[in-house]
A.B. asks: 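To start, I am sharing the structure in question, which I have written as structure tokens.
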Amino acid sequence: SVVRSEAEDTFAEGLVISRDEPNVAISIETLRLKDLRPRDGGGFIASEIEMTGGGVRSDVIDASIPSAALWNLAMPSLAGVPLAPKHLMTSTSRFYTVAADGALDELKIPEVLYTHRQPVAGTDQSIEMQARYSDISMTELSDGVLRHQEVGPTSISSQGPGDEKFEFK
């Protein structure tokens with residue numbers, strides 16, 4: 001990856017964070033942070049963040065975030081927050097517990113594409129769930145309270161072994 005600064009902007013390009021056990025990789029094509037500086041108590045502050053080409057890959061997850069933007073973010077350090085791909089809700093709750101100490105004016109994500117594969121016990125087959133979340137926005141996170149959150153339209157579908165299908169829009 002390449003990290004460079006231009007005036008008040010810090011760019012990270014070709015960013016990949018990965019581990020082998022469990023197998024997971026987080027990638028970002030381009031990340032631009034404006035007015036990046038340290039946050040008292042750890043973490044960072046940035047007046048604006050733009051991201052393109054974001055993705056998360058593991059043995060059971062494929063997620064894509066083509067672009068996102070945040071304004072006036074103050075985030076505590078997330079060092080030590082464990083990621084357990086087989087226990088995503090636990091990992092998410094641990095992340096939110098730490099992130100609740102942060103602050104955010106606004107976040108906008110036009111689209112998130114997500115696929116989760118779950119093996120079926122005792123078989124060589126799996127269930128695949130796909131989701132598409134559009135127009136995600138959040139405003140005014142402070143003191144652990146998010147003032148407004150919106151998402152939609154959303155579609156979710158699932159394909160199980162055989163002809164089992166589920167679709168929600």
A.B. asks: Look at the side-chain heavy atoms of Ile, Leu, Val, Met, Phe, Trp and Tyr, link any pair under 4.5 Å apart, and say whether Met75 and Leu107 land in one connected group.
C.D. replies: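 Yes.
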A.B. asks: Just verifying a value: how many Å separate His116 NE2 and Ile61 CD1, rounded to the nearest 0.5 Å?
C.D. replies: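 Atom-to-atom, His116:NE2 and Ile61:CD1 are 5.5 Å apart.
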A.B. asks: Can you tell me how far CG of Leu15 sits from OG of Ser27, rounded to the nearest 0.5 angstrom?
C.D. replies: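 The distance works out to 8.5 Å.
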A.B. asks: Check whether any side-chain heavy atom of Glu6 lies under 4.5 Å from a side-chain heavy atom of Phe11, and answer yes or no.
C.D. replies: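 Sidechains of Phe11 and Glu6: in contact.
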A.B. asks: Quick check on the hydrophobic clustering: are Val112 and Met138 connected, directly or via other members, by side-chain heavy-atom contacts under 4.5 Å?
C.D. replies: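 Val112 and Met138: one cluster.
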A.B. asks: Provide the closest heavy-atom pair for Leu78 versus Phe95 in the form atom of the first, atom of the second, distance.
C.D. replies: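 Closest approach of Leu78 to Phe95, heavy atoms only: CD1-CE1, 3.3 Å.
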A.B. asks: Can you measure from OG1 (Thr10) to CG (Leu36) and round to the nearest 0.5 angstrom?
C.D. replies: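 Output value for this atom pair is 5.0 Å.
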A.B. asks: Quick check: closest heavy atoms across Ala99 and Pro76, and the distance to 0.1 Å?
C.D. replies: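 Nearest pair, atom of Ala99 first, then Pro76: CA-CG, 4.3 Å.
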A.B. asks: If you measure from the Lys or Arg side-chain nitrogens to the Asp or Glu carboxylate oxygens, is any gap between Arg39 and Asp101 under 4.0 Å?
C.D. replies: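 Salt bridge present between Arg39 and Asp101.
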A.B. asks: Between atom CD of Glu48 and atom CG of Asp105, what is the distance when rounded to the nearest 0.5 Å?
C.D. replies: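 Nearest 0.5 Å value for the CD-CG distance: 11.5 Å.
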A.B. asks: Hey, does the side chain of Arg37 reach the backbone of Asp35 with a donor-acceptor pair shorter than 3.5 angstrom?
C.D. replies: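 Between the backbone of Asp35 and the side chain of Arg37 there is a qualifying donor-acceptor contact (under 3.5 Å).
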A.B. asks: State the CD-CG distance between Glu140 and Asn72, to the nearest 0.5 angstrom.
C.D. replies: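 Reported to 0.5 Å precision, the distance equals 11.0 Å.
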A.B. asks: Evaluate the side-chain proximity of Asp135 to Val151: yes if any heavy-atom separation is below 4.5 Å, no if none is.
C.D. replies: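 Sidechains of Asp135 and Val151: no contact.
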A.B. asks: Answer yes if the side chains of Thr30 and Arg32 hold a donor-acceptor pair under 3.5 Å, and no otherwise.
C.D. replies: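 No, Arg32 and Thr30 have no side-chain donor paired with an acceptor closer than 3.5 Å.
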A.B. asks: First locate atom CE of Met51, then atom OG of Ser67, and finally report the distance between them rounded to the nearest 0.5 Å.
C.D. replies: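 Those atoms lie 6.5 Å apart.
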A.B. asks: Please examine the side chains of Glu150 and Ile136, heavy atoms only from C-beta on, and report whether any two atoms are closer than 4.5 Å.
C.D. replies: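 A side-chain contact under 4.5 Å is absent here.
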A.B. asks: If you apply the rule side chain to side chain contact (heavy atoms under 4.5 Å, CB included), what do you find for Ile65 with Ile109, and how did you get there?
C.D. replies: CA-CA 8 Å; Ile65 303 172; Ile109 302 173; 3.7 Å; yes
A.B. asks: Would you mind reporting whether Lys108 and Ser137 have side-chain heavy atoms less than 4.5 Å apart?
C.D. replies: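 Ser137 reaches Lys108 side chain to side chain.
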A.B. asks: Are Phe44 and Leu141 connected into the same hydrophobic cluster when the rule is that any two of I, L, V, M, F, W, Y join if their side-chain heavy atoms are below 4.5 Å apart?
C.D. replies: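 Per the 4.5 Å side-chain linkage, Leu141 and Phe44 are co-clustered.
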A.B. asks: In this structure, are over 12 heavy atoms from other groups packed under 6.0 Å from Arg4 atom CZ?
C.D. replies: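 Counting other residues, nucleotides and ligands, CZ of Arg4 exceeds 12 neighbours.
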A.B. asks: Between Arg117 and Asp62, does at least one N-O distance fall below 4.0 Å, as a salt bridge requires?
C.D. replies: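 Salt bridge present between Arg117 and Asp62.
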A.B. asks: Quick one: do Leu33 and Val3 end up in the same hydrophobic cluster if we chain Ile, Leu, Val, Met, Phe, Trp and Tyr together by side-chain heavy atoms under 4.5 Å apart?
C.D. replies: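 Cluster IDs for Leu33 and Val3 differ.
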A.B. asks: Hey, does Leu73 have a side-chain heavy atom less than 4.5 Å from the side chain of Ile49?
C.D. replies: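 Heavy-atom side-chain distance check passes, below 4.5 Å.
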A.B. asks: Verify the cluster assignment for Leu146 and Leu70: are they in a single hydrophobic cluster under the rule of side-chain heavy atoms below 4.5 Å apart?
C.D. replies: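 Yes.
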A.B. asks: Please report the shortest heavy-atom distance between Gly14 and Ser1, naming the atom on each side.
C.D. replies: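 Looking at all heavy atoms of both residues, the shortest contact is O-CB, 3.2 Å.
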A.B. asks: Under the salt bridge (Lys or Arg N to Asp or Glu O under 4.0 Å) criterion, do Glu50 and Lys34 qualify, and how do the steps go?
C.D. replies: CA-CA 9 Å; Glu50 290 179 343; Lys34 184 176 183 176; over 6 Å; no
A.B. asks: Hey, are the side chains of Ser64 and Val56 touching, using non-hydrogen atoms and a 4.5 Å cut-off?
C.D. replies: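 Not touching, per the 4.5 Å side-chain cut-off.
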A.B. asks: Does any part of the side chain of Arg132, heavy atoms only, come nearer than 4.5 Å to the side chain of Glu111, both counted from C-beta?
C.D. replies: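 Sidechains of Arg132 and Glu111: in contact.
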